[in-house]
Every structure is written in structure tokens, then in C-alpha cells.
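A short worksheet on the structure shown next.
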Amino acid sequence: MIEDVIRTGLHQALEKYGIYEDDIAIVVGKPRERSHGDLSTNLALALAKRLDRKPREFAGELAAGISFPKDVIESVEIAGPGFINFRVARPYQVGRLLEIASGEALADIRTGGGKRINVEFVSANPTGPLNVVSARAGAFGVTLVNLLDAVGYDAHSEYYVNDSGRQIQLLGQSLRAHYMQLRGDVVEFPADGYLGRYLEIMAAELLDHDSEAIQRAASAFDDESFQRVVAPEGNADDWLELPEDKSVRCFAKYALMKILSWQRETCRRFGLRFDTWYFESELHETKRIERALDKLRKANAIYEEQSAVWFRATDYGDEKDRVVVRADGRPTYFVADVAYHYHKFQRGFERAIDFWGPDHHGYIARMQGAMTALGIAADWLEVQILQHVTFLEHGRPINMSKRKGLFVTMDELMDEVGADVAKYIFLTRKPNSHLDFDLDLAKEQSNENPVYYVKYAHARICSVLRTAAAAGVTVPQPDAAGLSRLSEPSEWSLVRELVRMPQVIVSAARSREPHRLTAFIHEVAGLFHQFYHQCKILGEDADVTASRLQLCLVTRQVIATILQLISIEAPESMGDKE
RNA sequence: GCGCCCGUAGCUCAGCUGGAUAGAGCGUCGGCCUCCGGAGCCGAAGGCCACAGGUUCGAAUCCUGUCGGGCGUACCA
């Protein structure tokens, strides 16, 4: 990397002053102001005091003491209070641009060595349709999976389904009550039951469905893990004949089947795919929970008190101990989660990344504590907290409650503003920023959304290429001769930005900050639009046209690469704006 | 009370490991299509970076405190 070349040169120059490589970390960065060159270091400022020198003078002396190959660094200047600014030579930039065009640049950043990483996200309770709260997690999760793959890991996306416990019983009771009400039976609705319209509709459908229709719906689940939620035999009236607890279980299973099919479809529509849907019920059936408890017991990490079983979380940095088995003998959600993550570890993942909401941050310490107690390295489980999104409608926050059936679904979000617009909005924010999402404003402005600015740049390039083809102009593959002929400032501004792509991807992956991708691609699109307005591409001198077409090709490739990482379509044309 | 996150333009948000004149989108105002797509380009207005101290040659960025907002502090999930 060019930064390393500069650092090495500076280190050599510093030896004269008795300062060696281990002594100081040289910071080389990109100055905000274009006129300050391509790269800059504050080295002289940082060392001035230590060497008792005037910064600017020292900078000049340092700069004079190093020489770089002319085809890498074009010039070195001293500026301001003592910055040393470097201008990168054009042949070097062209070389990096060609590495992007050939795919070599993307190959070079694949340094993960194929290590397996599990990324778990969304994992919404299967008690209703996915609501908008999951959209942010979805956008981040899928992008991180793509990013990790891009830097050479083997990333695996996973969705955890809480298909057991009280909430599922409640779901079954709620559907059963809705159904009985529709039949005209007098029935008491369960306290805290689910009141959403979707359950009423589901109940109405059940009235029309004979057992065959129900089995047909069930057969939509082809993959194995979903088999555990396919609807039971018979129809709803048959289920009512059963003893109440069995009856509730039949209704619960049917509801789970329907809801999971919605959730899976919503994910697909939003561009999310999961390699694994992991069901909590499997943990109970395979005795993984007992086994996790045994393992904790052997590690002396649990004890009994007041007839409950506790995990010694305080021994692992949590503020209090946590119950793992209730006094009535039922395991807690927490211990199921421990067993689940232990199984993740056993499945051979070298790291697990979970996306959680801010309401779970207090949960991190006990979870990581449990992992440590099980003998797993402290940093194996990485928890990314995605801060809360406040959805506003008519200027007021929407209070969402799944239980009361009050929420905006992800499908509604996609209907109203579109999947790509929604994703782009989430992905321009960093994960720990609280976000106000005004639905009315988003609808109103969905046509003005910045995502179209980027898509348009891509479509525009495609259009130019089509026009060129129609005019019989051959579009040349990028090469050194062609790209070196670029001469206009707007062309080089674009080149300098394009060349950053590999590092942007690496930094976004490493910091788990996908918004660096959208910031970058927006910049690229802007510079392309400027270039387009300042430089005519077709109908110029043949060489000039060829060079500019090459630049277009690389730009299109960069935009397409980034859009693919954020799961947004790169269109060849824009269609009509409403 | 304690813990986590956040306070940057009218609104929604960027600002990479402290740097040289704090940016973008939307909104407002003014220009640009006989020319490769005007979902574009050019320009203007708009900021005590919540507040107060501190560290530093240098702070939106690091530290402390204050104020304001969100969330958590379950034998719920």
C-alpha cells in the first residue's frame, strides 16, 4: 500500500534523529482539503516538541531527506503549521485502477483465510409478521455477511426462532380463541393474548380450510428445519375436540407455520437469505439444554438457592447471578440461549456475531460470562448492538406492541417506500446512532432518496455504453495506455476516489460499519455526475472517447460491486419517474 | 441510584485511529437541456459541533462534570 511506502521512507529519514520504527507510529491520512495533496502526515508536528525543533522547519528537513520513486510519489510539500503533504503520481493511480478492473484488488483483500463466522440477525419472535424494527437489523446483518465474505471469511447467516415457551402457548390460545369466537362459541380471550388483526384473519381462513387445504399449506415447507412447524393432522374443528392443552398446541403449531412462512417471505422480499433457521425447540428435544447445564455444573458455575438454579454470573463480571432453572423446574430463556450459542461453537464457527437491540445490552455480560464458563474464548461471541429506530407517523412516535397488534410491518414499509430505499436509509447510519424514521417523510421523499442518485449513475453509464454500441463505437477494456491519457481534473477526482474501494471495503468489514460503503458510493456517484457534465464522452477524438469509456467501465464496476454488497439492485436504466 | 447509547445546519444524519476553511441528503432561494438520460450539474443562504472545565502545538473527536433524550437494571422473551 502506498501509505506503507511513505511510512517506510519516513522511518528511514527519522533514523538520522535517533528515532526508530518501534518508537513512533506514523499516521498517514487523506487530507480533507484536496489542495493539500493526496496523503498527509503530521509527523513533524508530533515530534517537534520531543526534538525541540520548530515543526515547519523540521518538516522541511525531513521531506528533503527522503526520496520516492517519481512514478509513485509525484511531489512532497510542506504546508500549514508543519504538515508534510504527498501527491501520488498518476501512473500509480492507474495501476490501482487496473487492479480493480481486473478483480485483482478484490482478491487481495480476501485475507480471512476462509474462517467460518456465524452472523445471527433479525431472529424475531414468531408471534406475528416481521415489523419495521427488524428492517434495520436485516439491512445490517446481510451487509455484514457480504462484507465478511468479501474479505475472505466464510460467513454464515442464521435466524434463531423462539418456537417454544409461554409466548407460543399464548399464541396458540389466542388463535384458538379467535377461531372459537368466529364459530360463535362463547369463549374467554386469554389475558395478555395476541390481539392483532392477522390472527383474526388467520382464524377466518381456518374456518374455510379443510384438512387437505391445511396440509397443502404445510407442504410449502420443503427444507428440513421447517418440518417441525408444519401443521398437525386434521382441521381446526378436529383440534377443538382434543383436550385443551393438546388443542392449544395444534393451533400454536398452525400459527407458527403461517407466521414463519410470512417472515421467510418478507425476508426474501427484503433481500435477506439465511443459511440456517435454528429452532429453539430443537434445543429442548436434543437435550442440549441439560447438557449445557451439566457442563456449567462441572465448571462449578451454577448453584441452587430458593429452589431455583443460578449461574454464577458475578464470577464472570456480570452484576448479579442469573437464574437458569426456575423454581418450577422450567429452564429460562437465558439458559436456552446459552445452549444455543454453545451449539454454535460446537458447529465449528471460529466466531459468532449477534445483532441485538439496545434493550438487550444488559444481557451481554451474562451471555459472554456463560461462554467463558463453558471454556470459550471471551471474544468468540461478538455482540453488535443496533440502536433503536423511532418510527414516526404524523410527526408522532408510533408505540409498537406486537401483543396489542399495533405495529408497522416490514411489508408495509416495502410497499410504501420500497425495499432498496429503506435499506439505503438504514445503511447510511452508523449502528449505534439512534434513528428517527419518519414514515410520512420517507414515503414523500422516496422518489428523492439518495439511493437513486447512485442507481442513476450506474444507469447513466449503461446508457452511455448503449449509445456507444449503437453508434458502432467499440468499448475498450481498461488498459494503462487508455487510463493514462485521462487529463481533466474531474476525471482524476473520480479516479482518486475509485481507487479507495478496496480499503473502504476492508475498513467497513473490520469496523462492522456498513455505512462507510454508502458514504463511499455516494461520493463516487457524485464525482461521476460531475465528470459526466464536464467531459463529453462520445463524439470526441477517438483516443479521448476510448479513455473516458474505460473510466466509465471501472466506475460502473465499482458502483455495482458496492451495491451488491449492500444488496441493492444496480439498474441498467431508471424507468420513468412518477 | 447504577449501567449502555446519543445531543453536529430548519429536518434526518456523516465526519475513518485528535489535524489545516466542520460535510451530505431533504427543504428554501437563484442559474444550466438545439449536445452521451435534468432521478443530473453549478451557485447562495443556513453552525458558539448541548453546556462548562481539562489534556494537547492542535479537540466535534480524548478525559471529568452538568443539562437534555432513548434503553436497560425479571425465576419475560
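Below, all heavy atoms of this structure are taken into account, side chains as well, without hydrogens, waters or symmetry copies. So you know, we letter chains A, B, ... as the sequences are listed, proteins then strands, and number each from 1. Just so you know, these numbers come straight off a predicted model, no measurement behind them.
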- request: Begin with the C-alpha distance, continue with both residues' side-chain angles, and end with the deciding distance and a verdict on ring-ring contact (aromatic ring centres under 6.0 Å, His included) for A:Tyr340 and A:Tyr278.
  value: CA-CA 9 Å; A:Tyr340 168 51; A:Tyr278 194 107; 4.8 Å; yes
Classify the nucleic acid contact of [X] as base, sugar-phosphate or nothing, counting any heavy atom under 4.0 Å across all strands shown.
{"X": "A:Ala468", "value": "nothing"}
{"X": "A:Leu435", "value": "sugar-phosphate"}
{"X": "A:Lys430", "value": "sugar-phosphate"}
{"X": "A:Cys462", "value": "nothing"}

Quickly work out the [X] [atom1] to [N] [atom2] distance and round it to whole Å.
{"X": "A:Asn449", "N": "B:rA39", "atom1": "CG", "atom2": "P", "answer": "16 Å"}
{"X": "A:Leu386", "N": "B:rC5", "atom1": "CG", "atom2": "C1'", "answer": "12 Å"}
{"X": "A:Leu39", "N": "B:rG19", "atom1": "CG", "atom2": "P", "answer": "15 Å"}
{"X": "A:Phe437", "N": "B:rG25", "atom1": "CZ", "atom2": "P", "answer": "19 Å"}
{"X": "A:Glu523", "N": "B:rA14", "atom1": "CD", "atom2": "C1'", "answer": "11 Å"}
{"X": "A:Asp440", "N": "B:rC26", "atom1": "CG", "atom2": "C1'", "answer": "15 Å"}
{"X": "A:Glu448", "N": "B:rG40", "atom1": "CD", "atom2": "C1'", "answer": "12 Å"}
{"X": "A:Phe426", "N": "B:rG25", "atom1": "CZ", "atom2": "C1'", "answer": "16 Å"}

Checking N1-N3 plus N6-O4 or O6-N4 for Watson-Crick, or N1-O2 and O6-N3 for wobble, each under 3.5 Å, the partner of B:rG30 is B:rC42
Open item on the list: Any strand counts, and the cut-off is 3.5 Å on both contacts for Watson-Crick or G-U wobble. Which nucleotide pairs with B:rA59?
Closed with: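 Pairing partner: none.
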It should be established whether [X] places a side-chain nitrogen or oxygen under 4.0 Å from OP1 or OP2 of nucleotide [N].
{"X": "A:His434", "N": "B:rU12", "result": "no"}
{"X": "A:Gln530", "N": "B:rC42", "result": "yes"}
{"X": "A:Lys54", "N": "B:rC57", "result": "no"}
{"X": "A:Asn42", "N": "B:rG18", "result": "no"}
{"X": "A:Tyr532", "N": "B:rC33", "result": "no"}
{"X": "A:Lys49", "N": "B:rC57", "result": "yes"}
{"X": "A:Arg510", "N": "B:rU17", "result": "no"}
{"X": "A:Ser40", "N": "B:rA20", "result": "no"}

**Asked** Is a side-chain donor or acceptor of A:Asp321 paired with a backbone partner of A:Thr314 at a separation under 3.5 angstrom?
**Response** yes
Distance between P atoms of B:rC13 and B:rG70 (Å, rounded):
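Going atom to atom, P in each nucleotide, I get 15 Å.
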Check: Looking only at atom C1', what distance separates B:rG46 and B:rC26, rounded to whole Å?
Finding: 14 Å
Quick tally for nucleotides 71-77 of chain B: nucleotides whose base has a protein heavy atom under 4.0 Å get B, sugar-phosphate-only ones S, the rest -, giving BSSSBSB
Check whether NZ of the Lys or CZ of the Arg A:Arg460 lies under 6.0 Å from the centre of the six-membered ring of A:Tyr532 and within 45 degrees of that ring's axis. yes
- Task: I would like to know whether A:His36 and A:Phe83 meet ring-ring contact (aromatic ring centres under 6.0 Å, His included); could you show each step before the answer?
- Result: CA-CA 9 Å; A:His36 294 145; A:Phe83 292 102; 7.7 Å; no
Judged by whether its glycosidic angle lies within 90° of 0, B:rC41 is anti
Practice task
Between B:rU17, B:rC57, B:rC13, spot the one nearest the side chain of A:Leu45, thanks.
Solution key: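 Of the candidates, B:rC57 comes closest.
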Taking only the side-chain heavy atoms of A:Ile537 (C-beta and beyond), determine which of B:rC36, B:rA20, B:rG40 contains the nearest atom.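 Nucleotide nearest to A:Ile537's side chain: B:rC36.
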Do A:Asp38 and A:Arg496 meet the salt-bridge criterion of a basic N to acidic O distance under 4.0 Å? yes
* Would A:His515 and A:Phe426 count as a ring-ring contact (aromatic ring centres under 6.0 Å, His included) if you check the C-alpha gap in whole Å, the side-chain angles of each, and the deciding distance to 0.1 Å? -> CA-CA 8 Å; A:His515 74 282; A:Phe426 291 123; over 10 Å; no
Check against side chain to side chain contact (heavy atoms under 4.5 Å, CB included), A:Leu549 and A:Leu553: CA-CA 6 Å; A:Leu549 282 171; A:Leu553 281 176; 5.8 Å; no
